[in-house]
Asks: 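Here you go, one structure.
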Amino acid sequence: MRLLRATRRRAARAAILPQMLSGDRYTVGVAAYHVTNQTTYVLGFLVGGLVVAATGPRPAFVIDAATFVVSALLVSRLPAFTPTGVAGVARTAAARASARIRVT
């Protein structure tokens, strides 16, 4: 299940990044994404281990849940990215249609 979600994110990122960044900026943007992604993994494990060591497992789960709530609130305030051109409209419609598909 996790692999399916990651595949959709990867496809969406691959479709949107070229529209947002062009030329050398695209290359730098992809590199920045990968460095940031790997850094957050390492820092996440480090901070998670410190929180569990300092508070114990149960409070750490509560803290983890709170960070997801904060993240959802922050992400909900971001402006929507709207692709330009006719191809963007078709891609957006396809994305909406594929979002309705539920994997069970």
Asks: Please identify each residue that fulfils side chain to side chain donor-acceptor pair (under 3.5 Å) with Y26, with sequence neighbours left out.
Replies: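 With neighbours one apart ignored, the set is empty.
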Asks: Could you list all the side-chain hydrogen bond (donor to acceptor under 3.5 Å, both in side chains) pairs where at least one residue sits in residues 27-40, not counting sequence neighbours?
Replies: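 Listed by first then second residue: R13-Y33.
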Asks: Name the atoms and distances for all side-chain donor-acceptor pairs under 3.5 Å in residues 45-69, with sequence neighbours left out.
Replies:
{"unit_1": "T55", "atom_1": "OG1", "unit_2": "V51", "atom_2": "O", "d": "2.7"}
{"unit_1": "T67", "atom_1": "OG1", "unit_2": "D64", "atom_2": "O", "d": "2.6"}

Asks: Could you work out the complete set of other residues in the hydrophobic cluster of V70, with links drawn between I, L, V, M, F, W and Y side chains under 4.5 Å apart?
Replies: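 Members besides V70, by chain and number: L74.
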